[in-house]
Amino acid sequence: MLARQWLVLVVGTALTVAGAVAAVQMTGVFTARTTITLLPPPGWAIGGNTLTDSAATMVGFAKLIEQTVNDSQDGQLFAAPDTPLYGAGVRQGELVYVPNAGGQWAPNFNRPFLYIDVVGPTPEYVESRVEALTEEVADAVDERQDEFGVAEDQRVTWDATPATPEVSYVGPNRLRMLGGIALLGAGVTAGAAFGVDLLRKRRADARAAVH
């Protein structure tokens, strides 16, 4: 069958080889994630105000910071809060968000911290963007409290973990990619050859029946 449909075989092989070459030339990305933890004011513990000293207040403030940094937009894009940005195919981008421990229909924001997730082409780019976004979060924390004239002993502070961005490289598994491309190419080529061969046989049988 493949000998009869040699043209389909040639085209399929060429496309498979082109896909393999493109896969080999693909490069990975650099990524880093920093966690900004909001810390309750020391004055809360001294004052003993149980309504103020609550996790809900801290989480609400974290959401306010998220919207400030993201221009009133929600930051989290994925259902799972631990999903890496590069896992969605993003090769250059950034997110600042309060993790949602719940689901799409029942969100649960129960931790007063923000993720800063950055993906980029170079380690320098990723490190600089993480540092810049950390500064934006810090500025938003101060500015929001300045707006309401919060006293020094009642001010929320923050802590970054890790303090210095830890940039890592995420590269493609070329062996798996090439294996997948080879299997896909062989399957599609064989299927196309079978389809063309079957179609030609049916046409030949139809012409023979007419004559």
Side-chain angles (χ1 to χ4, degrees), residues 16 18-39 58-144 156-185:
T16 302
V21 172
V24 170
Q25 294 176 345
M26 286 184 63
T27 59
V29 294
F30 294 89
T31 182
R33 169 177 284 186
T34 293
T35 302
I36 303 295
T37 303
L38 299 185
L39 305 174
M58 293 295 295
V59 172
F61 187 66
K63 287 293 293 180
L64 181 62
I65 299 304
E66 173 194 89
Q67 293 181 350
T68 300
V69 174
N70 295 319
D71 295 328
S72 300
Q73 301 294 322
D74 289 332
Q76 184 170 330
L77 298 180
F78 316 114
D82 293 330
T83 301
L85 191 56
Y86 64 83
V90 178
R91 299 187 61 83
Q92 182 170 334
E94 55 197 42
L95 283 176
V96 179
Y97 63 96
V98 178
N100 177 15
Q104 179 180 2
W105 308 112
N108 181 19
F109 300 99
N110 56 9
R111 293 170 290 180
F113 57 76
L114 300 99
Y115 283 149
I116 296 177
D117 201 354
V118 178
V119 175
T122 65
E124 293 79 14
Y125 172 86
V126 171
E127 184 174 355
S128 64
R129 288 307 303 155
V130 171
E131 292 175 350
L133 290 170
T134 300
E135 291 181 5
E136 285 189 37
V137 171
D139 291 341
V141 170
D142 289 337
E143 290 171 1
R144 284 296 186 177
V156 173
T157 55
W158 60 274
D159 180 67
T161 306
T164 302
E166 297 179 356
V167 181
S168 58
Y169 177 78
V170 181
N173 189 320
R174 288 187 171 83
L175 184 60
R176 289 184 179 180
M177 272 199 309
L178 292 176
I181 290 172
L183 290 175
L184 180 63

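Computed from heavy atoms alone, side chains included, the values below leave out hydrogens, waters and symmetry copies.
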Undergrad: Which atom names give the shortest non-hydrogen contact between Thr16 and Gly185, and what distance separates them?
TA: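 Where Thr16 meets Gly185 most closely, the heavy atoms are OG1-CA, 3.2 Å.
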Undergrad: From Arg111 CZ over to Thr35 OG1, what is the distance, rounded to the nearest 0.5 angstrom?
TA: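 Going from CZ on Arg111 over to OG1 on Thr35, the span is 9.5 Å.
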Undergrad: Of the non-hydrogen atoms in Met58 and Pro112, which two are nearest, and what is the gap between them?
TA: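 Closest approach of Met58 to Pro112: CB-CB, 3.6 Å.
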Undergrad: If you round to the nearest 0.5 Å, how far is CD of Glu136 from CD of Glu143?
TA: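 With rounding to 0.5 Å, CD (Glu143) is 10.0 Å from CD (Glu136).
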Undergrad: As an exercise, state the distance from CG of Leu95 to OH of Tyr115, rounded to the nearest 0.5 Å.
TA: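 It comes to 12.5 Å.
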Undergrad: What is the distance from atom OG1 of Thr31 to atom CD of Gln92, rounded to the nearest 0.5 Å?
TA: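 Answer rounded to 0.5 Å: 12.5 Å.
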Undergrad: With the side chain counted from C-beta on, respond yes when Phe113 and Ile36 share a heavy-atom pair under 4.5 Å apart, and no when they do not.
TA: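 Heavy-atom side-chain distance check fails, nothing below 4.5 Å.
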Undergrad: Is the NZ or CZ atom of Arg91 positioned over Tyr86's six-membered ring, under 6.0 angstrom from the centre and within 45° of the axis?
TA: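 Because its charged atom misses either the 6.0 Å distance or the 45° angle limit, Arg91 does not stack over Tyr86.
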Undergrad: Under the side chain to side chain contact (heavy atoms under 4.5 Å, CB included) test against Val96, which residue among Leu114, Thr68, Ile65 passes?
TA: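 Answer to the side chain to side chain contact (heavy atoms under 4.5 Å, CB included) test with Val96 among Leu114, Thr68, Ile65: Leu114.
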Undergrad: From Thr161 OG1 over to Asp159 CG, what is the distance, rounded to the nearest 0.5 angstrom?
TA: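 Answer rounded to 0.5 Å: 4.5 Å.
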Undergrad: Looking at Val141 and Phe61, what are the two nearest heavy atoms and their distance?
TA: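 Taking Val141 first and Phe61 second, the nearest heavy atoms are O-CZ, 3.9 Å.
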Undergrad: How far apart are the C-alpha atoms of Val156 and Leu39, what are their side-chain angles, what is the distance that settles it, and do they pass the side-chain contact (heavy atoms from CB on, under 4.5 Å) test?
TA: CA-CA 6 Å; Val156 173; Leu39 305 174; 5.8 Å; no
Undergrad: Taking all heavy atoms of Pro165 and all of Val130, pick out the closest pair and write down the distance.
TA: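 Heavy atoms of Pro165 and Val130 come nearest at CG-CG1, 3.6 Å.
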Undergrad: Kindly compute the distance separating CZ (Phe30) from CD (Glu124), expressed to the nearest 0.5 Å.
TA: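 So the gap between those two atoms works out to 8.0 Å.
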Undergrad: Could you tell me which non-hydrogen atom of Val119 sits nearest to which non-hydrogen atom of Leu85, and how far apart they are?
TA: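 Looks like CG2-CB, 3.7 Å.
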Undergrad: List the residues meeting side chain to side chain donor-acceptor pair (under 3.5 Å) with Glu131, not counting sequence neighbours, and say none if there are none.
TA: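 Checked Glu131 against side chain to side chain donor-acceptor pair (under 3.5 Å); zero matches.
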Undergrad: For Pro162 versus Thr34, what's the shortest heavy-atom pair and its separation?
TA: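 Between these two residues, the closest heavy atoms are O-CG2, 3.9 Å.
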Undergrad: Could you check if a side-chain atom of Glu94 sits within less than 4.5 angstrom of a side-chain atom of Ile116, using non-hydrogen atoms only?
TA: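 Side chain of Glu94 against side chain of Ile116, heavy atoms only: no contact under 4.5 Å found.
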